[in-house]
Each structure stands twice: as C-alpha cells, then as structure tokens.
Amino acid sequence: MPELAEVEFFRRRWDVGVGQKIAAVTLHSEKRIFRGNDFTTLTRVLPDARLLASEARGKQMLFRFSHDAWLGLHLGMTGELRHEPAEFSAGKHDHLVLAQARQSLVFSDPRLFGRVLFHYGASVPEWWSSLPSALTSDAFTLERMQAFLQRRARSPLKGVLLQQEFFIGIGNWMADEILWRAKLHPSRAAGQLTDEESRTIWKAVRFVCEGALRIVSKDYSDPPPSWLFRHRWEKGGRCPKDGSELGRATIGGRTTAWCAKCQPR
DNA sequence: GGAGTTGTTTAGGA
DNA sequence: TTCCTAAACAACTC
C-alpha cells in the first residue's frame, strides 16, 4: 500500500498522541522489521518519553521523543499506523504498540517488509539527515533529475522512477501514473530522452506527488477517475484519456500498466 | 494449489 | 568498478 501520500496519511494518524507520554512499550522484537536495533536502550528510554513531533520524507517517517529518543518507521508493502484504545492488547501483526494514557499508537505489518529504526542521541539520526530532498521541494530541479537519468541511462524509465535514492517516495502506482501523464513508454531507456521529454516527466513527477499528497493523505481517498490509478488494476482497464485497453507487463521488475496509444515505444 | 501483491536488500552477472 | 536483474523476504487474497 504505502507510497508517498499513503505514508503521510499514516504518519498523521499518530498525531493524536503528540505531547503525551509513553506509558508502556510492547513489541515483537524477534521480527525482522526490528533488525539492527539496540533493544536495551530502546526499552529503557522509550517508556516514559514524550512524543514531541513527527515528519515524513518519501516513504520514511521520523518520530521525535523527549529523552533524546527517535523512532524511524518504514511501512514496507503492508505496514500501517493506527491508534487504538489505551488498554489495547496487540494482535498477531501489531509489532509495536506505544501505550499512552488516552490511546495506544500501533504499528502493524503482516508481511514484515517494513522497518523500525531506533536512535538514541541529542541530534537527528544520520539515516534521516542523509535522505534525499523531497520531490515537492525546490531542490528537485530539472537539471538534477536529468543528471540522475543519465547515471541510469540503460535502465527502463519505470525502474529508474522507483529508485528511492533520488525519486524518494515514488512507488509502483505513482511511477505508472507519472509515465502515463508524460506519455512515455515505461520501457524507454532513461538516457535516451529528448530535453522536451525529460521536462515533461519532471513536470509529471511534481504533478503526481502534489496531487497524491493533496488527495490521498487527507483521508485516504482515491484519486479521481481521470487518473490512471483508478483503472490500472481493473480487468480490461482502459485509458481514461482515449479509452484504449491498457497494456500490462513486468518492466523494471514490477507489474506495469500503460496505454499503448498514449505511450508509444 | 498457484499466482500475484502500491517495497527493499543482496548476490551475482554483465 | 559500476550498472543492472532476479531472487529473497513473508503473509495474505483471489
């Protein structure tokens, strides 16, 4: 589920607990989402710490607590955040529960592709500060994007758009949406675009990121029917622009939908 | 029962 | 060396 806007939606779900202390922490520490963590410090510091603030960048979230505690969360393929009553008891897939006086903050992830990163220190953890800048920020310039496409010149556009080291937050559906709007075939090599084409893709990245954040992160609504999103998984789905049947294939390692008419090779 | 899933990491080939 | 692909991870649905 979670790409850029879905992650932002889930992050806000924990806003209800901002300003309040953690009373108890329950976790399934043996699960792989916790790998690499210092549990001794985590279980000593986090209970009794107060949730101060949070932010999302791409598909990564950072929760800041008092007592120099920081929690990074990644939702993987099936993770989600929610809140439950204070005396909630964790279900099978509820791998991290932060109990507060008024509610419990829950991180669940059936498929365990997510990640929890705990950091103890006065300043922002390195794994957060080293993330690339947001695609909706001024740092996402056409020139920087073109340079990245050239470094991945022989890869299909679809695969390059999924690379989080630059296109932070873009996932499978957003990548298809961007290429459909830019009228570019997902198999086109990243290094073979004209200036006009790369400008179009740059604009489409902006449009899809901003639109998804506006529409999806508010209340998890779907984008409108004019977006490819609404048709890409339908059986016999059709292009919302010209009504022709969508193609489907594995490109860049992921299932990809496109319109053969709008997006010629 | 088999295939497929909106993500990342890693091994190994090119 | 650098780039690129496929498999692995794990649980669930159709």
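Atom set for the values below is all heavy atoms of this structure, side chains included, hydrogens, waters and symmetry mates excluded. First the proteins, then the strands, lettered A, B, ... as listed; each starts at 1. The structure displayed is predicted, hence computed values, not measured ones.
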* Asked: Given the rule that I, L, V, M, F, W and Y join up when any side-chain heavy atoms are under 4.5 Å apart, are A:L51 and A:V97 in one cluster?
  -> no
In whole Å, what is the span from the [atom1] atom of [X] to the [atom2] atom of [N]?
| X | N | atom1 | atom2 | value |
| --- | --- | --- | --- | --- |
| A:L112 | C:dA11 | CG | P | 6 Å |
| A:L162 | C:dT5 | CG | P | 12 Å |
| A:I33 | C:dA8 | CD1 | P | 23 Å |
| A:E165 | B:dT9 | CD | C1' | 13 Å |
| A:I168 | B:dG7 | CD1 | P | 14 Å |
| A:Q163 | C:dT5 | CD | C1' | 12 Å |
| A:L157 | C:dC4 | CG | C1' | 15 Å |

When you measure from the side-chain N and O atoms of [X] to the phosphate of [N], is any distance below 4.0 Å, counting only OP1 and OP2?
| X | N | answer |
| --- | --- | --- |
| A:R254 | B:dG7 | yes |
| A:Q164 | B:dG7 | no |
| A:K92 | C:dC12 | yes |
| A:H74 | B:dT8 | yes |
| A:T78 | B:dT5 | no |

Using distance alone, with no hydrogens and no angle criterion, decide if [X] and [Y] have a side-chain donor and acceptor under 3.5 Å apart.
| X | Y | answer |
| --- | --- | --- |
| A:W173 | A:E6 | yes |
| A:R82 | A:S108 | yes |
| A:Q20 | A:Q103 | yes |

* To do: Let me know, please, whether A:R32 or A:H93 comes out on the 5' side of the other along DNA chain C by nearest nucleotide.
  => A:R32
So if I take every side-chain heavy atom of [X] and compare against [options], which nucleotide ends up nearest?
| X | options | answer |
| --- | --- | --- |
| A:K59 | B:dT8, C:dT5, C:dA11 | B:dT8 |
| A:P110 | B:dT5, B:dG7, C:dA11 | C:dA11 |
| A:K31 | B:dG7, C:dA11, C:dT5 | C:dA11 |
| A:R35 | C:dA11, B:dT5, B:dT9 | B:dT9 |
| A:P156 | C:dC3, B:dG7, C:dT5 | C:dT5 |

* Hey, do the aromatic rings of A:F39 and A:F118 have their centres closer than 6.0 Å? -> no
* May I ask you to decide if the ring planes of A:W127 and A:H119 are parallel, tilted or perpendicular, using 30° and 60° as cut-offs? => perpendicular
* To do: Both distances under 3.5 Å, Watson-Crick or G-U wobble: on that basis, could you give the dot-bracket string for DNA chain C, with [ ] for crossing pairs and | for other-strand partners?
  => .||||||||.||||
* Do A:W14 and A:M61 have side chains that get closer than 4.5 Å, going by heavy atoms? -> no
* Tell me which of A:R154 and A:I170 sits closer to the 5' end of DNA chain B, going by the nucleotide each one is nearest to. => A:I170
* So does A:K158 pair up with A:D176, basic N to acidic O under 4.0 Å? -> yes
* To do: Return the stacking result for C:dC9 and A:F113: yes when the ring centres lie under 5.5 Å apart and the planes under 30°, no otherwise.
  => yes
* Asked: Under 4.0 angstrom, heavy atoms only, what part of the nucleic acid is A:G171 near: base, sugar-phosphate, or nothing?
  -> sugar-phosphate
